[in-house]
Amino acid sequence: MPSSARIATYTTSPTTYQRQMYNYTAISTGIVLLEFGFKAKNPSFTWHLDDVSVIDINASGIEMLLNGNFEAASLVGWQIACSSQSCLSGKQSSLVQTNCHNSSNCYEGACQGNYDYLHQYFNVTIGHIYTLSFWLYTDGDVKQEAYVNIS
Ligand SMILES: *[C@@H]1O[C@H](CO)[C@@H](O)[C@H](O)[C@H]1NC(C)=O
Ligand SMILES: *[C@@H]1O[C@H](CO)[C@@H](O)[C@H](O)[C@H]1NC(C)=O
Ligand SMILES: *[C@@H]1O[C@H](CO)[C@@H](O)[C@H](O)[C@H]1NC(C)=O
Ligand SMILES: *[C@@H]1O[C@H](CO)[C@@H](O)[C@H](O)[C@H]1NC(C)=O
């Protein structure tokens, strides 16, 4: 989507998640990086991400991600990039147990004023189509930004 496009609306109550789905076609065989970036208004107006999935539709729909629903006790499979020093409030994004989609844990993008990043690597095969889907909720305002990229 163009970076200027608004694709998610925000709510404060009730918690309303929206599902996003995109196809990615691998242009070579090897490892790729899935990256989410979140910028919050402040630690109270944030993003929530849950139930992330990458399905290889050319390989019987196998799931490529580890711990895409964040239900492991820690962020197994994922890395948070960018330290809390870049976040104006000092609070960076993390695994949380509040306002999640349909289970116990989710990821909260809480970095004020700057992006911080959530990463996971996975292997792709040239020509295969991968369907990325995830559920997103924000209780922020129009100044907040988020993006997702596979490269
Ligand atoms: C992804 O590609 C498949 C196969 O072409 C198609 O059926 C599906 O609707 C596409 N999904 C999206 C989100 O574009
Ligand atoms: C949570 O949502 C995901 C994505 O829709 C779904 O695959 C999964 O079955 C749901 N889990 C529960 C416990 O409802
Ligand atoms: C990708 O494939 C290589 C070679 O098979 C393997 O060593 C590596 O662990 C895989 N990486 C991931 C993230 O699956
Ligand atoms: C993957 O699946 C899509 C949709 O069915 C198809 O168009 C494409 O040719 C397939 N790619 C390979 C490498 O088989």
Side-chain angles (χ1 to χ4, degrees), residues 1-10 15 17-56 62-126 128-151:
M1 297 288 292
S3 60
S4 58
R6 285 198 191 133
I7 56 169
T9 55
Y10 67 94
T15 303
Y17 271 82
Q18 296 166 59
R19 190 180 201 186
Q20 308 287 335
M21 292 183 80
Y22 304 95
N23 275 345
Y24 166 77
T25 303
I27 54 170
S28 60
T29 294
I31 199 157
V32 294
L33 177 67
L34 168 66
E35 177 177 272
F36 289 93
F38 293 106
K39 187 195 281 190
K41 182 183 180 190
N42 61 45
S44 304
F45 290 81
T46 65
W47 297 91
H48 286 73
L49 174 72
D50 209 349
D51 295 319
V52 187
S53 166
V54 173
I55 298 289
D56 184 342
I62 59 164
E63 174 62 55
M64 305 307 298
L65 298 184
L66 193 64
N67 189 28
N69 61 9
F70 302 105
E71 290 308 298
S74 63
L75 280 172
V76 173
W78 298 98
Q79 301 91 43
I80 299 179
C82 204
S83 78
S84 58
Q85 289 160 7
S86 64
C87 305
L88 299 182
S89 71
K91 184 183 176 189
Q92 69 177 91
S93 302
S94 64
L95 190 69
V96 295
Q97 286 79 38
T98 50
N99 288 332
C100 294
H101 177 226
N102 64 359
S103 47
S104 308
N105 297 333
C106 54
Y107 178 81
E108 182 182 26
C111 185
Q112 179 179 336
N114 286 302
Y115 279 105
D116 66 1
Y117 308 96
L118 181 69
H119 288 170
Q120 183 162 158
Y121 289 95
F122 61 98
N123 279 315
V124 296
T125 304
I126 188 168
H128 283 204
I129 300 172
Y130 296 85
T131 301
L132 166 68
S133 77
F134 52 92
W135 290 83
L136 201 60
Y137 160 71
T138 179
D139 46 11
D141 73 12
V142 292
K143 292 193 217 63
Q144 292 184 219
E145 294 168 12
Y147 75 86
V148 60
N149 191 44
I150 294 175
S151 59

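Side-chain atoms of Thr46 do not come within 3.5 Å of backbone N or O of Ala40 as any donor-acceptor pair. Without hydrogens or angle criteria, Ser89 side chain to Gln112 main chain gives no donor-acceptor distance under 3.5 Å. Remark: side-chain polar atoms of Asp116 are not paired, donor with acceptor, to backbone N or O of Cys111 under 3.5 angstrom.
Take Thr15 and apply the side-chain contact (heavy atoms from CB on, under 4.5 Å) test, not counting sequence neighbours, and it matches Tyr17, Asn99, Tyr137. For the side-chain contact (heavy atoms from CB on, under 4.5 Å) test, residues two or more places apart in sequence or in another chain that qualify with Leu136 are Phe38, Trp47, Leu49, Phe134. Residues passing the side-chain hydrogen bond (donor to acceptor under 3.5 Å, both in side chains) test with Ser53 are Glu63, sequence neighbours excluded. Evaluation of the side-chain hydrogen bond (donor to acceptor under 3.5 Å, both in side chains) rule for Thr25 yields no partner, not counting sequence neighbours. Scored by the salt bridge (Lys or Arg N to Asp or Glu O under 4.0 Å) test, Glu145 finds Lys39 as partners (sequence neighbours excluded). Listed by chain and residue number, Thr138 satisfy the side-chain hydrogen bond (donor to acceptor under 3.5 Å, both in side chains) test with Gln144 (two or more places apart in sequence, or in another chain). Under the side-chain contact (heavy atoms from CB on, under 4.5 Å) criterion, Asn69 pairs with Asp51, Asn67, Glu71, not counting sequence neighbours. Partners of Thr131 by side-chain hydrogen bond (donor to acceptor under 3.5 Å, both in side chains), not counting sequence neighbours, listed by chain and number: Asn23. Applying the side-chain contact (heavy atoms from CB on, under 4.5 Å) rule to Tyr121 yields the partners Ile31, Leu33, Gln79; only residues at least two apart in sequence or on another chain are considered.
If you check the side chains of Asn105 and Gln97, you find a donor sitting under 3.5 Å from an acceptor.
For residues 94-103, there are no salt bridge (Lys or Arg N to Asp or Glu O under 4.0 Å) pairs, not counting sequence neighbours. Residue pairs meeting the salt bridge (Lys or Arg N to Asp or Glu O under 4.0 Å) criterion with at least one partner in residues 92-110, sequence neighbours excluded, are Lys91-Glu108. Within the structure, salt bridge (Lys or Arg N to Asp or Glu O under 4.0 Å) contacts touching residues 21-36 (residues at least two apart or in different chains) do not occur.
Interatomic distance, CE of Met21 versus CD1 of Ile55, reported as 9.0 Å (0.5 Å rounding). Annotation: the span from Ile129 atom CD1 to Asp56 atom CG amounts to 9.5 Å, rounded to 0.5 Å.
In this pair, Trp135 and His101 present their aromatic rings parallel. The plane angle is below 30°, not in the 30 to 60° band.
Inter-residue side-chain proximity for Leu65 and Phe122 is flagged as met; some heavy-atom pair is nearer than 4.5 Å. For the pair Tyr130 and Leu34, the minimum side-chain heavy-atom distance is 4.5 Å or more. In this structure the side chain of Tyr117 never reaches within 4.5 angstrom of the side chain of Ile80, judged on heavy atoms. Annotation: side chain of Val52 is not in contact with side chain of Ser133 (no heavy-atom distance under 4.5 Å). Contact annotation: the side chain of Leu95 never approaches that of Tyr107 to less than 4.5 Å [non-hydrogen atoms, C-beta and beyond]. Between Leu132 and Tyr24 there is no side-chain heavy-atom pair separated by less than 4.5 Å.
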(request) Take Thr29 and Val124 through the test side chain to side chain contact (heavy atoms under 4.5 Å, CB included) and record every step on the way to the result. (result) CA-CA 5 Å; Thr29 294; Val124 296; over 6 Å; no
(request) Take Asp50 and Ser103 through the side chain to side chain contact (heavy atoms under 4.5 Å, CB included) test and state the conclusion after the steps. (result) CA-CA 9 Å; Asp50 209 349; Ser103 47; 4.1 Å; yes
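Ser93 approaches Gly109 most closely through the heavy-atom pair OG-CA, 3.2 Å. Minimum heavy-atom separation, His48 to Cys106: CD2-SG, 3.8 Å.
Aromatic ring centres of Trp78 and Phe70: separated by under 6.0 Å.
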